[in-house]
Asker: 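Take this structure, written in structure tokens, and hold onto it; I'll ask about it next.
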Amino acid sequence: VQVSWMCMMVSTVFNFPHAFQRMRTSWNAIINKRAHDDFMLTTIGLLGLCLYFGIAFQDIAVIKMIKGATLGVSLMFIFPALMYLSLSFGSQRSERSQEPVGFLRVVCMLLLVSGFVQGVLALLVHYKVI
């Protein structure tokens, strides 16, 4: 067991700089800035956030469970539905095919609601609310 924890630590230490670079670039893209704007401020802020979460959550299993409950549901239900909705926006029926756009939009909305409810239920079960 201790060897596996050590291997996980080594993996984290050597993978963190690469992952952090992508996180910093993605954060700047979210707030509509260039990749290296406010480099020092963004780096210190994101490292502080990572440090806070590392101290606040002492059990890595909790983080992995929450990540699995939210990201797994997002990948299976929420993201595909959002992709279809964004691609079909503005068209009632495809000209070349007989694709029922309205029906598929309703199905996508059901997928969104179902995915959101499943993620919330997984978190509520973990925190023993239900």
Side-chain angles (χ1 to χ4, degrees):
V1 173
Q2 295 300 323
V3 173
S4 66
W5 281 102
M6 187 184 77
C7 290
M8 193 166 94
M9 182 265 313
V10 168
S11 170
T12 302
V13 166
F14 287 108
N15 192 30
F16 187 77
H18 177 68
F20 190 79
Q21 177 189 9
R22 303 303 328 149
M23 181 174 69
R24 183 177 44 233
T25 304
S26 298
W27 173 254
N28 280 343
I30 288 172
I31 61 173
N32 237 2
K33 292 187 175 185
R34 292 184 321 201
H36 298 292
D37 284 353
D38 298 329
F39 185 83
M40 205 56 135
L41 181 65
T42 304
T43 301
I44 291 171
L46 290 174
L47 278 174
L49 188 67
C50 289
L51 179 65
Y52 169 74
F53 283 131
I55 293 170
F57 297 102
Q58 297 176 1
D59 187 10
I60 192 75
V62 173
I63 301 296
K64 289 188 170 282
M65 192 279 315
I66 292 172
K67 187 175 74 169
T70 55
L71 293 178
V73 168
S74 296
L75 284 173
M76 291 185 289
F77 294 101
I78 296 173
F79 293 154
L82 287 174
M83 282 188 253
Y84 181 79
L85 288 173
S86 68
L87 289 174
S88 70
F89 182 72
S91 67
Q92 293 300 323
R93 184 176 285 267
S94 178
E95 295 296 326
R96 287 184 246 162
S97 70
Q98 297 297 324
E99 181 180 343
V101 176
F103 172 72
L104 289 175
R105 285 184 185 160
V106 171
V107 171
C108 286
M109 294 305 288
L110 290 173
L111 281 173
L112 286 172
V113 171
S114 172
F116 180 76
V117 168
Q118 288 177 30
V120 168
L121 284 176
L123 293 175
L124 291 176
V125 167
H126 172 72
Y127 287 112
K128 296 175 178 62
V129 175
I130 58 171

Asker: On a heavy-atom basis, which atom in Leu46 and which in Met23 lie closest, and how many Å separate them?
Answerer: CB-CE, 4.0 Å

Asker: Enter the distance from Leu71:CG to Met76:CE here, rounded to the nearest 0.5 Å.
Answerer: 10.5 Å

Asker: What do you reckon, is OH of Tyr84 surrounded by more than 12 foreign heavy atoms closer than 6.0 Å?
Answerer: yes

Asker: Can you find a heavy atom in the side chain of Met109 that is under 4.5 Å from one in the side chain of Leu85?
Answerer: yes

Asker: Hey, any chance Phe57 and Leu123 share a hydrophobic cluster, counting ILVMFWY side chains that come within less than 4.5 Å of each other, even indirectly?
Answerer: yes

Asker: Quick check on the hydrophobic clustering: are Phe53 and Leu51 connected, directly or via other members, by side-chain heavy-atom contacts under 4.5 Å?
Answerer: no

Asker: Identify the two heavy atoms, one from Gln58 and one from Ile55, that lie closest to each other, and give their separation to 0.1 Å.
Answerer: CG-O, 3.6 Å

Asker: State whether the side chain of Thr42 and the backbone N or O of Phe39 hold a donor-acceptor pair below 3.5 Å, judged by distance alone.
Answerer: no

Asker: If I take atom NE2 from residue His36 and atom OG1 from residue Thr43, how far apart are they, to the nearest 0.5 angstrom?
Answerer: 10.0 Å

Asker: Could you pull out the closest heavy-atom pair between Pro80 and Ser74, with the gap in Å?
Answerer: CD-O, 3.9 Å

Asker: Return the CD1 to OG distance between Ile78 and Ser114, rounded to the nearest 0.5 Å.
Answerer: 9.0 Å

Asker: What distance do Leu111 atom CG and Leu104 atom CG have between them, rounded to the nearest 0.5 Å?
Answerer: 10.0 Å

Asker: Would the distance check show the side chain of Ser26 and the main-chain N or O of Arg22 forming a donor-acceptor pair, the cut-off being under 3.5 Å?
Answerer: yes

Asker: Same cluster or not: Leu121 versus Val113, using hydrophobic residues (I, L, V, M, F, W, Y) connected whenever any side-chain heavy atoms lie under 4.5 Å apart?
Answerer: yes

Asker: Is it the case that one hydrophobic cluster holds both Val101 and Phe103, taking links as side-chain heavy atoms less than 4.5 Å apart, direct or via other members?
Answerer: yes

Asker: Is it possible for you to say whether Val13 and Met6 belong to one hydrophobic cluster, with membership spreading through side-chain heavy-atom contacts below 4.5 Å?
Answerer: yes

Asker: Counting N and O atoms only, with roles assigned by atom type, does the side chain of Ser11 sit under 3.5 Å from a partner on the main chain of Cys7, one being a donor and the other an acceptor?
Answerer: no

Asker: Calculate, to the nearest 0.5 Å, the distance between atoms SG and CZ belonging to Cys50 and Phe16 respectively.
Answerer: 4.5 Å

